[in-house]
Amino acid sequence: MGKNKTNPERPPSKLASNLNKIEELNNRFLAAVSKRKYTNPSLMGPGQDFYAKAFGAFASDMVSNPSKFMENQVGYWTKSLQSWLEAQESFSRDYSKKSPEAPSDDPRFKGELWDLHPTFSYLKRQYLLNSEAISKSVEEIEGLDSGDRKRLKFFTRQIIDMMSPANFLPSNPEALGRAFETEGGSLVDGLENLVRDIEANDGELLITLSDPKAFEVGGNIAATEGSVVFRNELIELIQYAPKSTTAFSHPLVIFPPWINKYYILDLKPANSFINWIVEQGYTLFVVSWVNPDSSYREKGMDDYASEGILAAVREVKAITGEDRVNAVGYCIGGTLLAMVLAYMQKVGDKSIRSATFLATLTDFSEPGEVGVFLDGHFMSGLQSQIKEDGILHAKFMSRTFSYLRANDLVYGPAIRSYMLGEAPPAFDLLFWNGDSTNLPARMALEYLHGCYRDNLFDRGKAEILGEKIGIKDVRHPLMAVACEADHIAEWKSSFDGIRGMGSRDKRFILAESGHIAGIVNPPSKNKYGHFTGSGSLTTPEAWRAAAKYSEGSWWPVWERWLARRAGKKVAARVPGSGNRELLGPAPGTYVKGKPRSLPD
């Protein structure tokens, strides 16, 4: 008998290999998810009472306005039937030879197959019809107060955005095509990205928006030359090295928000607000706030005022020998700066010559989209979580702000990372966005209750360092810059706050774009324009109608205003002059989250 011949074992196909990898990643995924800590359900969405109230209003409206309800239903079903018939007709043709529909202006549906292929074209069109019908129904519901209406519209939009066919693998033609082209490799890469993000966040899903290895704080971002010249428990004060032989005598100090790191104002040199200011001939100081842990739980607004703003102003005056400084406050940094200005007015402290507010709210009667999260149900859950943790954890704020722009900051990145298997982009602004910070428990609750809930400063009932203060007590020369598409500090609310201040010398600029891009808008880019007005601050609508539009950045307009309040020119000041001890190079240690080193 002849010998049996056996074929050598065939190497596994690429598809089989990828399927094995998916099984391995599945085990890692389950292990990572098991580490997720309990989260108070109040922080995950509206309570049942809100849904009951919304459903009750809808049912009542349907009973009292049956003709409107029927009209909407007939219109919706007519459009849906027409869409179905068009889809049936498309299936009978060779779609590869069909001319595509007019390209969608919705970035979720930019791929050609969304318009060419009958299945995906139908899914897209029906989804948009559904979205329109649901949004219209919600818009027309009667019997809700303005706050509940805003919440209902916002959370309805969240559900609509979540249900986009682009968000699911079986209905996303680009993701399916990539999976077939790579024999499952894109799905393996996507699952690897998903598992990595969950492992990095202790079982929570927080999407990595930017390549974490592409940037180094103090290397290729936050790299403007300077030195830390003062440090306490809450701040490091950075003085920047001059880029000119002379400088204005009045120094400038910037108070960024402590909700994120200061270097949003010092990204790459080409878009660094800090670098640009130094180039204009100013002695510049910037506060870098500490990223607190639970040991800071008792630090409150008084501490941020005294150890933050007042301490920085005191040190800047001592370093430069000047008795007055100019100040800039960004977002919540501007809110506290306004309160401190009111306090200074009460106690007769004239240390601040002028103030600039960037994307700042001081009147919280209309807080914008953030306000939808601050109903009693959410606030109660948040308060419990904050008291338990000793901090308002960065992940809660990061998730909240991301869902204000869910398609840009949640679903779009998730599709690219988890369904297409792409690596996160090297994008400095998104890198900064992911580098968020905690807030001390006392300060967070005082801010949420005193500003967002009770609007005490606008009502003249706030208190800082033992002084009762109000918005009318702000009487310094000031300029405010708000952003037209700001989803955090709504521009009309910002305008109302500035209008209510007691200053005689005040100007308002409305920048195009949003909370970040509208502020970080260097002149060299010539990207977004701005509006300026010369008349009195009456109402936001009247001011906007009379304002003059100019192309390009608002930075030069502001600098010309500031220069008239910055004193005469003197020899440029170098960090360390006057025997001031340098505590290390910029950007310091707090921005990197390193343990602080304080004198005994």
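Count residues from 1 along the sequence.
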Is the backbone of [Y] close enough, under 3.5 Å, to the side chain of [X] for a donor and an acceptor to pair up by distance?
X	Y	value
Asn271	Lys268	yes
Ser131	Ile160	no
Ser354	Pro477	no
Asp293	Ser295	yes
Trp432	Asp266	no
Ser384	Ser380	yes
Arg324	His250	no
Asn438	His393	no
Gln345	Leu341	no
Ser288	Glu236	no

Heavy-atom pair of closest approach, residues [X] and [Y]:
X	Y	value
Ala566	Asn326	CA-ND2, 3.8 Å
Pro251	Phe285	CB-CE1, 4.0 Å
Ile498	Thr362	N-OG1, 4.3 Å
Gly518	Ala511	O-CB, 3.6 Å
Lys261	Val591	NZ-O, 2.9 Å
Ser513	Tyr528	OG-CZ, 3.6 Å

Non-neighbouring partners of [X] that pass side-chain hydrogen bond (donor to acceptor under 3.5 Å, both in side chains), sequence neighbours left out:
X	value
Trp558	Thr356
Lys395	Glu204
Glu279	Asn275

Measure the spacing between [atom1] of [X] and [atom2] of [Y] and express it to the nearest 0.5 Å.
X	Y	atom1	atom2	result
Ile352	Leu337	CD1	CG	5.5 Å
Arg564	Glu559	CZ	CD	10.0 Å
Thr360	Leu358	OG1	CG	6.0 Å
Phe427	Leu267	CZ	CG	9.0 Å
Cys483	Ile519	SG	CD1	4.0 Å

Under 4.5 Å between any side-chain heavy atoms of [X] and [Y], yes or no?
X	Y	answer
Leu209	Asn433	yes
Tyr343	Leu310	yes
Asp496	Pro540	yes
Ile309	Leu336	yes
Ile277	Tyr240	no
Tyr262	Pro587	yes
Asp486	Trp491	no
Leu439	Pro292	no

Pairs of donor and acceptor atoms involving the side chains of residues 542-553, under 3.5 Å and at least two apart or interchain, shall be tabulated with distances.
residue, atom, partner, partner atom, Å
Tyr549, OH, Glu512, OE1, 3.2
Ser553, OG, Asn521, O, 2.6
Ser553, OG, Trp555, N, 2.9

Pairs where residues 451-472 contributes a residue and the test ring pair (Phe, Tyr, Trp, His ring centres under 6.0 Å) is met, not counting sequence neighbours: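 Applying ring pair (Phe, Tyr, Trp, His ring centres under 6.0 Å) to every pair that reaches into residues 451-472, excluding sequence neighbours, yields Phe364-Tyr452, Tyr447-Tyr452.
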
Val316 and Gln239: CA distance, side-chain angles, deciding distance, side chain to side chain contact (heavy atoms under 4.5 Å, CB included) verdict: CA-CA 9 Å; Val316 170; Gln239 180 181 356; over 6 Å; no

Side chain to side chain contact (heavy atoms under 4.5 Å, CB included) assessment of Val228 paired with Leu237: CA-CA 6 Å; Val228 177; Leu237 183 65; 6.0 Å; no

Pair Ile386-Asp389, side chain to side chain contact (heavy atoms under 4.5 Å, CB included): steps then yes or no: CA-CA 5 Å; Ile386 289 172; Asp389 295 342; over 6 Å; no

Partners passing ring-ring contact (aromatic ring centres under 6.0 Å, His included) against [X] (at least two apart in sequence or in another chain):
X	result
His515	Tyr330
Phe248	Tyr282
Phe431	Phe215

Show which side-chain atoms of residues 463-476 pair as donor or acceptor with protein atoms under 3.5 Å away, not counting sequence neighbours.
residue, atom, partner, partner atom, Å
Asp473, OD2, Gly470, N, 2.9

Worked verdict on Trp258 versus Leu234 for side chain to side chain contact (heavy atoms under 4.5 Å, CB included): CA-CA 10 Å; Trp258 51 88; Leu234 283 180; over 6 Å; no

Audit row: Arg565, Asp505, salt bridge (Lys or Arg N to Asp or Glu O under 4.0 Å) steps and yes/no: CA-CA 12 Å; Arg565 295 157 179 81; Asp505 176 8; 2.9 Å; yes

Any residue meeting salt bridge (Lys or Arg N to Asp or Glu O under 4.0 Å) with Arg442, in chain and number order, not counting sequence neighbours: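 Salt bridge (Lys or Arg N to Asp or Glu O under 4.0 Å) check on Arg442 returns Glu298, Glu446.
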
Asp363 versus Asn455, side-chain donor and acceptor atoms under 3.5 Å: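 The answer is yes; a qualifying pair exists.
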
Pair His449, Gln383: side-chain N/O donor-acceptor within cut-off below 3.5 Å: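 A pair is found: one side chain offers a donor N or O, the other an acceptor, under 3.5 Å apart.
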
Residue pairs, two or more places apart or on separate chains, that pass side chain to side chain donor-acceptor pair (under 3.5 Å) and touch residues 303-320: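 Only Lys299-Glu307, Glu315-Arg580, Lys317-Ser351 qualify under side chain to side chain donor-acceptor pair (under 3.5 Å).
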
Parallel, tilted or perpendicular: rings of Phe508 and Phe495 (30°, 60°):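 It falls in the perpendicular class, over 60°.
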
Residue among Lys150, Arg157, Lys153 satisfying salt bridge (Lys or Arg N to Asp or Glu O under 4.0 Å) with Glu139: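 Output: one option passes, namely Lys153.
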
Within 6.0 angstrom of Arg504 CZ, more than 12 heavy atoms from elsewhere: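 Atom CZ in Arg504 is not packed in, count stays at 12 or less.
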
Qualifying salt bridge (Lys or Arg N to Asp or Glu O under 4.0 Å) pairs, either residue in residues 533-542, two or more places apart: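 Non-adjacent pairs meeting salt bridge (Lys or Arg N to Asp or Glu O under 4.0 Å): Lys492-Glu541.
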
